[in-house]
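Everything on this sheet refers to the single structure shown next.
Heavy-atom basis, side chains included; hydrogens, waters and symmetry copies ignored. Numbers here are sequence positions counted from 1. In this text, all values refer to a predicted model and were calculated from it rather than measured experimentally.
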Amino acid sequence: MAAVGVGGSTGTAGPGAVSAGALEPGSATAAHRRLKYISLAVLVVQNASLILSIRYARTLPGDRFFATTAVVMAEVLKGVTCLLLLFAQKRGNVKHLVLFLHEAVLVQYVDTLKLAVPSLIYTLQNNLQYVAISNLPAATFQVTYQLKILTTALFSVLMLNRSLSRLQWASLLLLFTGVAIVQAQQAGGGGPRPLDQNPGAGLAAVVASCLSSGFAGVYFEKILKGSSGSVWLRNLQLGLFGTALGLVGLWWAEGTAVARRGFFFGYTPAVWGVVLNQAFGGLLVAVVVKYADNILKGFATSLSIVLSTVASIRLFGFHLDPLFALGAGLVIGAVYLYSLPRGAVKAIASASASASGPCIHQQPPGQPPPPQLSSRGDLITEPFLPKSVLVAHQGEGFVAAGIEDAGLPSFSLLALAQLGLNSLSVLGVG
């Protein structure tokens, strides 16, 4: 799949083009690997910091800000940032920018209106996240929110007629089991709980958020197939709809209170940090996700769960008991196994088969050698949902800058996958 760059051009080179990697393969490979691990760090920090910062801002003593205003402000900042980036792409020419926006937004109004549905869902989802995080510990929310993988898979099968491997179905079952264990631990107590928090409302909000995330991601992929708009244009269109719909939601849910106390009531530096993280963090991830393959994103999700749990223990006095650890461990393993490309799974399975018994394959004379797995993604794999999970990072309404399925050359990751496959074999799955 060709990667769509920041400017909207595809990453497929022409017949006579010579890439920089072809000229200096060693330095290009090292640079690409470095970018991948930078992407991993950015994804982990953004995933964990957004949840922790919202939890921190919503549990501070004193006046509590209106969540609907924070959602609107994040959409405004996102839209303004994308507008400035488009202005820079037009080399500061206001006339060219106005003509471009008139053509892309007004003349091609059908494409613009297609984004109204996902924008509505993302606005609803962002508000639901505030409700969920306000009523659930950050670590519990982070684990439970991984149900969006399950909902995305189900909507993908129903709406896009995709097929899942047995390992993916088994990992989804593992994921659901892990989340159920975590919620059972939460319902059973799980340590002291503030009086103003309602775990039932938090669970309902996170489930609704996961359902909206799954549907919006698949719907977004379905309507954007063949679209040539740049990443900043799509995010600007989402920001326009998101701001308008967010204002409608603000008026409907908290209009009277906001009119009486003010739009920025309860805003502190921590609240502004949440707003900036939602606006610019998502755009940053939309750029770096170009260098992150499915394995890397699954690994980042797992690390962010661990980081959120450790930070929750330190910041919020979260009580980690064996039941939560078991559930979180199942979710982490399920997320990683689910993100494995099918090519990697087949390679691991064939490696296990060759290790269990001798199998000698003679290459016929004059025939080219069979293709080998490459760390640069030369072998065509079938990563699950290459767009549905990426086009809107964490369901926050950010279009990813591009997709490159370059494998992560890490023995430890493959060893973990092998361990997962062996465990599933013992359980009789796959």
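- The minimum heavy-atom distance linking A57 with V274 is given by the pair CB-CG2, 4.0 Å.
- Atom OG1 of T123 and atom CG of L247 lie 10.0 Å apart (nearest 0.5 Å).
- Other residues, nucleotides and ligands contribute more than 12 heavy atoms inside 6.0 Å of the CZ atom of F66.
- The nearest pair of heavy atoms linking V275 to A74 is CG1-N, 3.9 Å.
- Of the candidates Y267, F65, F280, Y267 is the only one forming a ring-ring contact (aromatic ring centres under 6.0 Å, His included) with W272.
- Rounding to the nearest 0.5 Å gives a distance of 9.5 Å between NZ of K148 and CG of L175.
- Side-chain N or O atoms of S209 include none that pairs as donor or acceptor with a backbone N or O of Q129 at under 3.5 Å.
- With S171 contributing its side chain and Q168 its backbone, the two residues share a donor-acceptor pair below 3.5 Å.
- Taking the side chain to side chain donor-acceptor pair (under 3.5 Å) definition, one finds that S308 meets it with Q142, sequence neighbours left out.
- In this structure, F324 and F318 have perpendicular ring planes: the angle between them is above 60°, well past the 30° mark.
- Looking only at distances, a side-chain donor or acceptor of R55 sits under 3.5 Å from a matching main-chain atom of L136.
- Of the possible donor and acceptor atoms, none in the side chain of S304 sits under 3.5 Å from a partner among the backbone N and O of A48.
- Side chain of S49 to backbone of V45: a donor-acceptor contact under 3.5 angstrom is found.
- Judged by distance alone, the side chain of D63 and the main-chain N or O of G266 form no donor-acceptor pair under 3.5 Å.
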Inset, instruction - Report the C-alpha separation of I121 and Y219 in whole Å, then their side-chain angles, then the decisive distance to 0.1 Å, and conclude whether the side-chain contact (heavy atoms from CB on, under 4.5 Å) test is met. - result: CA-CA 10 Å; I121 297 174; Y219 177 84; 5.8 Å; no

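- Residues Q183 and L203 have side chains in contact (heavy-atom distance under 4.5 Å, counting atoms from C-beta outward).
- Evaluation of the side chain to side chain donor-acceptor pair (under 3.5 Å) rule for T112 yields Q237 as partners, not counting sequence neighbours.
- Around atom CZ of F176, no more than 12 heavy atoms belonging to other residues, nucleotides or ligands sit under 6.0 Å away.
- Between I305 and Q146 the shortest side-chain heavy-atom distance falls below 4.5 Å.
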